[in-house]
Amino acid sequence: MDLILNLTESIETILKNIYNSDIDKKAISIQKTRIEFEGDFTLVVFPFLKISRKSPEITANEIGNELIKVSYIENFNVIKGFLNITISHKYWIDFLYQSLQNNTFGFTDDPGEKKQVMIEFSSPNTNKPLHLGHIRNNLLGFSIAKILEANGHHVTKVNLVNDRGIHICKSMLAWKKWGKGVTPDKAAKKGDKLVGDYYVLFDKEYKKEVELLINKGISEDKAKVEVPILLEAQDMLRKWEAGDEDIVKLWKTMNNWVYEGFDVTYKNLGIDFDKIYYESETYKKGKSLVLDGLEKKILKKKDDNSVWADLTAHGYDEKILLRSDGTSVYMTQDIGTAFERYKDKKFDKHLYVVGNEQNYHFQVLKLILKKLGYDWYDKLEHVSYGMVELPGGKMKSREGTVVDADDLIDHMKTTAKEMSKELGKLDEVSENEAEVIINRIALGALKYFILKVDPNKNMLFNPDESIDFNGNTGPFIQYTYARIKSLLRKASDKNIVSSAFPKNDIKLAKKEKDLVRLIYEYPAIIKEAGTEYSPAIIANYVYEFAKLYNQFYHDYPVLKEEDQDKMIFRIRLTEMTGRIIESALELLGIGVPERM
RNA sequence: GGUCCAGUAGCUCAGUUGGAUAGAGCAACAGCCUUCUAAGCUGUGGGUCCCAGGUUCGAAUCCUGGCUGGAUCACCA
């Protein structure tokens with residue numbers, strides 16, 4: 001039975017007995033005792049004053065005198081209106097041993113809680129390589145998926161590749177014009193990078209042509225839409241939609257180059273998907289659903305043949321769903337994709353991990369699906385997150401102010417390698433092992449840096465001050481783990497069997513108790529991270545945990561402790577700490593090194 | 001202009017279901033390696049929690065108004 005729940009019930013009963021009056025359970029607020037006071041948990045007694053009709057101090061003492069009769073409560077003290085409760089050492093020790101028995105401590109496996117969850121993340125365009133913004137998206141999506149699994153759900157990770165549209169035609173056209181048949185192999189370049197280069201080339205040429213037209217006296221607005229190269233790209237898109245063989249062939253070839261490039265990046269990042277949806281395969285479904293809606297008069301057609309959803313009654317604007325030439329827009333394919341996915345999985349929940357710039361889009365998507373009569377519309381949820389900004393502001397691919405995902409990962413690896421060498425950390429391990437460790441550290445630093453920030457908030461990335469390896473960082477936590485592993489290896493060399501229990505009662509030091517209390521919190525942390533869709537909650541928890549363990553490690557001997565019972569307890573505490581660090585980092589998609 | 005999000009130390013961020021003297025890391029300075037890994041530990045300095053009202057025994061947290069920054073309201077995705 002959960003300790004806090006138990007405490008709450010005891011307090012409820014006590015209040016009833018001594019004051020003869022019921023109190024709302026919500027008024028019983030139990031929190032962690034602040035570090036500077038004696039005790040484990042604190043009850044705030046102010047809400048009870050109106051039934052006790054006594055001063056805060058007296059009320060707290062009266063409750064404390066009853067509470068101390070409960071077996072696992074050892075002591076209490078009162079400071080102003082705060083009743084600090086001390087849980088017995090024996091309770092905490094027993095708790096540690098119980099949690100050691102449980103291999104998935106902190107995870108939920110209640111079948112009643114299990115839901116089918118689909119989670120979409122990454123959602124790249126096929127005209128340019130992945131950048132730092134995608135990294136935040138990918139890491140968040142992947143971690144949230146893991147957290148939801150830890151909460152007992154069945155999770156399907158899906159990607160939506162935006163593989164059709166004018167943007168890919170731009171790359172294709174530029175490649176046709178200036179590529180001279182180059183391929184990723186010939187250029188010795190990742191496919192996504194190569195295609196991205198031609199996208200940039202298109203943009204350069206486009207700007208040049210716009211300027212030419214303006215110089216000829218054409219207005220800027222007009223010039224922008226009448227540029228020959230743009231018209232050519234649009235023509236290409238029409239041909240693609242009409243199924244022109246050559247165009248489709250080129251489209252397939254170039255997209256495949258990009259996918260191969262993406263796969264490398266995904267693999268380096270350590271993320272994967274269960275299923276990939278392609279916009280080119282779902283937009284037609286969206287189109288037909290829109291036409292259905294039109295037939296049922298849910299949607300309306302304007303004079304120019306464009307199709308619209310009128311959302312003004314709901315406080316939104318009108319939203320276009322089919323252009324006047326009958327082609328579909330972003331929203332159209334999202335309607336189709338959602339429909340296909342519901343057909344595939346009958347999900348209880350569908351999460352879209354997409355940046356906050358699309359908050360409006362997803363509100364409108366839900367509303368349109370509702371209007372179209374799909375009662376599962378409210379199973380869709382937008383997991384919105386803030387942008388990654390550079391010191392100069394937003395990243396813009398066209399202005400070259402993007403931080404490329406591959407470059408960043410490489411840079412992290414180089415830095416990790418240099419630092420390991422400098423510190424002489426990996427002199428004694430094989431080259432292969434060293435590389436595995438360095439990769440883990442590099443990615444650990446990057447992932448933790450990004451995931452520790454509350455997803456709601458924009459975050460700043462300064463490329464000049466590269467990501468740290470000291471302090472509140474991934475490597476700090478990984479280092480704590482490596483130390484723990486080293487210590488446990490030594491314990492096992494000494495034949496101190498890990499399943500041992502102390503024979504006699506021991507008294508716990510403050511930091512030992514604090515560590516156990518943090519272990520106790522882990523299940524609640526996983527739950528909270530699951531309901532909030534926030535890996536940051538896990539990240540901040542595991543940091544606090546590692547920090548406290550390092551203090552303990554510094555202050556107390558473990559293997560050199562002379563009291564056998566204390567030594568055994570400390571080894572077991574160390575073991576559990578290692579397990580929680582490993583488990584928590586795993587939820588963030590971060591691997592742990594056995595040594596570093 | 002409407003809507004949404006954010007504003008906490010020089011910088012990057014925690015803390016927000018109202019609770020005690022607002023916390024970390026980085027940066028600066030000063031210490032700790034003949035003891036289980038110094039990518040560690042300890043200490044010093046650093047705050048108008050954007051502002052003004054309000055609710056409350058109690059507000060960084062809730063309410064109202066304002067200020068600042070970002071996003072969005074496209075026949076772009």
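Residue numbers begin at 1 in each chain, while the letters A, B, ... track the order of the sequences.
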Of the listed nucleotides [options], the one nearest the side chain of [X]:
X	options	value
A/Gln31	B/rA77, B/rG19, B/rU37	B/rG19
A/Lys547	B/rA77, B/rU37, B/rU42	B/rU42
A/Val558	B/rU37, B/rC36, B/rA77	B/rC36
A/Leu460	B/rA71, B/rU37, B/rC13	B/rC13
A/Asp468	B/rA77, B/rC26, B/rA39	B/rC26
A/His361	B/rA14, B/rA77, B/rG40	B/rA77
A/Met596	B/rG40, B/rA39, B/rA74	B/rA39
A/Ser420	B/rC36, B/rG70, B/rA39	B/rA39
A/Asp317	B/rA77, B/rA74, B/rA38	B/rA74
A/Phe82	B/rG19, B/rA77, B/rC41	B/rG19

Would you say [N] has OP1 or OP2 under 4.0 Å from some side-chain N or O of [X]?
X	N	answer
A/Lys457	B/rG7	yes
A/Tyr553	B/rU37	yes
A/Tyr360	B/rU72	no
A/Arg483	B/rA39	no
A/Arg323	B/rA77	yes

Query raised in the report: If you draw a 6.0 Å radius around NZ in A/Lys224, do more than 12 non-hydrogen atoms from other residues or ligands fall strictly inside?
Result: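 12 or below, so no.
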[N] versus [M] - spacing of their [atom1] atoms, nearest Å:
N	M	atom1	value
B/rA14	B/rA77	P	34 Å
B/rA60	B/rC49	C1'	5 Å
B/rA27	B/rC11	P	16 Å
B/rG69	B/rA22	C1'	24 Å

Requested in this report: Can you spot which of A/Thr574, A/Asp514, A/Thr480 makes a side chain to side chain donor-acceptor pair (under 3.5 Å) with A/Tyr549?
Outcome: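 It is A/Thr574; the other options fail the test.
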Requested in this report: Flag the pair A/Arg489 and A/Asp493 as a salt bridge only when some basic side-chain nitrogen lies within less than 4.0 angstrom of an acidic carboxylate oxygen.
Outcome: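 Salt bridge: no.
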Query raised in the report: Should the pair A/Glu241-A/Arg164 be classified as a salt bridge under the 4.0 Å nitrogen-to-oxygen rule?
Result: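 Salt bridge present between A/Glu241 and A/Arg164.
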Taking atom types as they are modelled, is there a donor-acceptor pair under 3.5 Å from the base of [N] to the side chain of [X]?
X	N	value
A/Lys425	B/rU37	yes
A/Asn470	B/rA38	no
A/Thr480	B/rA39	no
A/Thr473	B/rA39	no

Query raised in the report: Should A/Phe469 and A/Ile441 count as side-chain neighbours, where that means a heavy-atom distance under 4.5 Å?
Result: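 Side-chain contact under 4.5 Å: yes.
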**Report entry** Distance, nearest 0.5 Å, that separates CD1 of A/Ile538 from CG of A/Leu587
**Finding:**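 So the gap between those two atoms works out to 5.0 Å.
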Query - Inter-residue atom distance A/Leu237.CG - A/Thr327.OG1, 0.5 Å rounding - result: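 A/Leu237 atom CG to A/Thr327 atom OG1 measures 7.0 Å (nearest 0.5 Å).
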Look for any protein N or O under 3.5 Å of an N or O in nucleotides 55-58 of chain B and output each such pair with its distance, or none.
none

